[in-house]
> 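Here it is, the structure in full.
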Number of protein chains: 2
Amino acid sequence: MNFDVTDLKLLQFLQEDAKQTNKELSNRLNLSVTAVYERIRKLEREGVISQYVALVDKTKVSKSFVAFCHIKLVQHTQENIMKFEQEVANLEEISECYHISGDYDYLLKVMVQDMEDFREFMVKKLTSINHIGSTHSMFVINEVKHTTAIMI
Amino acid sequence: MNFDVTDLKLLQFLQEDAKQTNKELSNRLNLSVTAVYERIRKLEREGVISQYVALVDKTKVSKSFVAFCHIKLVQHTQENIMKFEQEVANLEEISECYHISGDYDYLLKVMVQDMEDFREFMVKKLTSINHIGSTHSMFVINEVKHTTAIMI
DNA sequence: TTTTTAAAAGAAAATTTTTCCCTAACTATG
DNA sequence: CATAGTTAGGGAAAAATTTTCTTTTAAAAA
């Protein structure tokens with residue numbers, strides 16, 4: 001798909017606040033409401049906009065203890081990888097999981113209430129997944145920057 | 001704030017799809033449209049819902065090369081930390097930055113088009129920030145899981 | 001018991017989304 | 001050169017949704 005300046009601005013606006021009305025957007029973009037409406041529909045249809053979501057403040061729902069965990073598998077068999085990735089998808093404490101290059105195989109983002117819950121997660125859930133070789137956890141001291149918007 | 005089961009379900013629903021109408025939500029929750037409306041307003045007012053955003057598919061906007069960078073500062077003076085965090089906030093390639101425990105001081109998430117752009121980002125932008133001691137980059141081979149929803 | 005408060009419902013009003021139809025500008029084609 | 005086809009956009013009407021207002025109900029407090 002080919003984006004013109006208006007598309008890029010529109011994406012920027014919607015990534016910041018998806019609840020703006022088409023009228024507000026039409027003012028900001030110097031377009032008619034219909035034109036805005038059609039452009040958004042196209043972006044949705046083409047899958048550029050994949051989802052509209054509400055973002056929840058983790059401190060308000062007792063999930064402000066965040067850790068990143070490096071994971072090494074014992075063996076990189078197709079089987080092990082599949083099993084591990086499957087298990088990860090089922091664990092609700094894990095919000096993100098990336099297969100990465102480097103010393104470790106995976107990087108996980110884990111969100112829980114506190115250190116106690118993290119310990120429980122590690123002992124009862126994470127390390128009970130078979131074929132995990134080693135783990136290394138880093139705790140988030142401060143979230144300096146966090147945006148879901150992609151600068152295009 | 002105190003959440004009942006309905007609030008938790010509502011938050012779950014809105015974290016998955018913020019474009020559902022109150023009528024749809026009222027059906028799923030066995031409530032009236034007004035009751036849903038008031039509950040959402042309260043969640044917004046109290047800051048539980050912090051933002052509504054459109055999520056953009058990074059592959060559709062040429063930002064699918066993702067790397068995590070560990071950063072070590074040369075000195076942990078108040079001054080250095082402030083400067084670094086300031087610079088990070090201004091770099092649009094960096095979507096996330098966490099001050100973390102462990103061998104390194106910071107973990108960054110960087111999104112660019114390809115390795116060439118990443119190299120340019122490292123050379124021209126990241127390592128030109130003063131007071132950076134060392135960096136260690138890990139490239140994302142595969143995004144196994146990525147959700148903005150917090151399971152409450 | 002009475003009063004107060006909170007949550008919820010229905011209906012009306014206000015606003016927004018969505019559809020429909022028309023125009024203008026540009027492109028391809030005979 | 002004329003003509004059909006395509007695309008983006010605008011205005012207005014229709015449909016749907018959000019928002020407000022009023023009332024009811026049930027639980028909590030006095």
Side-chain angles (χ1 to χ4, degrees), chain A residues 1-63 113 147-152, chain B residues 1-63 113 147-152:
Chain A
M1 182 167 173
N2 244 5
F3 304 111
D4 63 12
V5 184
T6 306
D7 284 325
L8 297 183
K9 278 192 200 164
L10 185 51
L11 283 172
Q12 223 50 60
F13 291 157
L14 291 175
Q15 284 188 106
E16 279 159 19
D17 177 9
K19 274 288 164 76
Q20 288 166 95
T21 64
N22 291 341
K23 198 200 270 183
E24 286 167 333
L25 291 166
S26 73
N27 283 331
R28 300 180 71 180
L29 295 169
N30 275 99
L31 268 183
S32 71
V33 172
T34 306
V36 169
Y37 176 78
E38 290 296 347
R39 276 174 182 265
I40 294 176
R41 260 179 56 110
K42 189 169 179 200
L43 290 168
E44 292 168 354
R45 194 158 13 88
E46 310 246 4
V48 180
I49 295 174
S50 61
Q51 215 183 348
Y52 293 96
V53 300
L55 298 183
V56 167
D57 182 340
K58 61 182 174 310
T59 66
K60 298 285 171 69
V61 294
S62 306
K63 297 288 175 189
Q113 184 173 39
T147 174
T148 56
I150 302 174
M151 287 297 194
I152 315 164
Chain B
M1 182 168 173
N2 243 4
F3 305 112
D4 63 12
V5 184
T6 306
D7 284 325
L8 297 183
K9 277 191 202 165
L10 185 51
L11 283 173
Q12 224 49 61
F13 292 157
L14 291 174
Q15 284 188 103
E16 280 158 18
D17 177 10
K19 274 287 165 78
Q20 288 167 94
T21 65
N22 291 344
K23 198 200 266 183
E24 286 167 332
L25 291 166
S26 72
N27 284 330
R28 300 180 70 181
L29 295 169
N30 275 101
L31 269 182
S32 70
V33 172
T34 307
V36 169
Y37 175 77
E38 290 297 347
R39 276 175 183 265
I40 293 176
R41 260 179 58 109
K42 189 171 180 199
L43 289 167
E44 291 168 356
R45 193 155 16 89
E46 309 248 3
V48 180
I49 294 174
S50 61
Q51 213 181 351
Y52 293 95
V53 301
L55 298 182
V56 166
D57 183 339
K58 60 183 176 308
T59 66
K60 297 286 171 65
V61 294
S62 305
K63 297 287 175 190
Q113 185 172 41
T147 173
T148 56
I150 301 174
M151 286 300 192
I152 314 165

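We name chains A, B, ... by the order of the sequence lines, and we start the count at 1 in each one.
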> Could you list the residues that satisfy salt bridge (Lys or Arg N to Asp or Glu O under 4.0 Å) with K58(A), not counting sequence neighbours?
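Listed in chain order: E143(A).
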> Expressed as a whole number of angstroms, how long is the span from D4(B):CG to dA27(D):C1'?
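So the CG-C1' distance, D4(B) to dA27(D), works out to 15 Å.
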> Send over the distance from N30(B) CG to dA7(C) P, rounded to a whole Å.
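One finds 18 Å between P of dA7(C) and CG of N30(B), rounded.
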> What salt bridge (Lys or Arg N to Asp or Glu O under 4.0 Å) pairs are there with at least one residue in residues 9-34 of chain B, not counting sequence neighbours?
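Listed once each, the pairs would be none.
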> State, to 0.1 Å, how close K63(A) and I150(B) come at their nearest heavy-atom pair, and which atoms those are.
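Result for this residue pair: CG-CG2, 3.6 Å.
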> Tell me the interatomic distance from R39(A), atom CZ, to dT17(C), atom P, rounded to whole angstroms.
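My rounded result for the distance is 17 Å.
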> Take atom CG of L29(A) and atom P of dA8(D), then tell me their distance rounded to the nearest Å.
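Distance check: L29(A) CG to dA8(D) P gives 15 Å.
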> Taking protein heavy atoms under 4.0 Å as touching, what does nucleotides 14-26 of chain D look like 5' to 3' if B marks base contact, S marks sugar-phosphate-only contact and - marks none?
---SSSBB-----
> Are any non-hydrogen side-chain atoms of L25(B) and I40(B) less than 4.5 angstrom apart?
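Yes; the side chains approach each other to less than 4.5 Å.
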> Closest heavy-atom contact between F3(A) and K60(B)?
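The pair with the smallest heavy-atom distance is CE1-O, 3.5 Å.
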> How many whole angstroms separate atom CG of L31(B) from atom C1' of dG10(C)?
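Distance check: L31(B) CG to dG10(C) C1' gives 14 Å.
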> How close do I152(A) and Q12(A) get, heavy atom to heavy atom, and via which atoms?
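Scanning both residues, the minimum pair turns out to be N-OE1, 3.9 Å.
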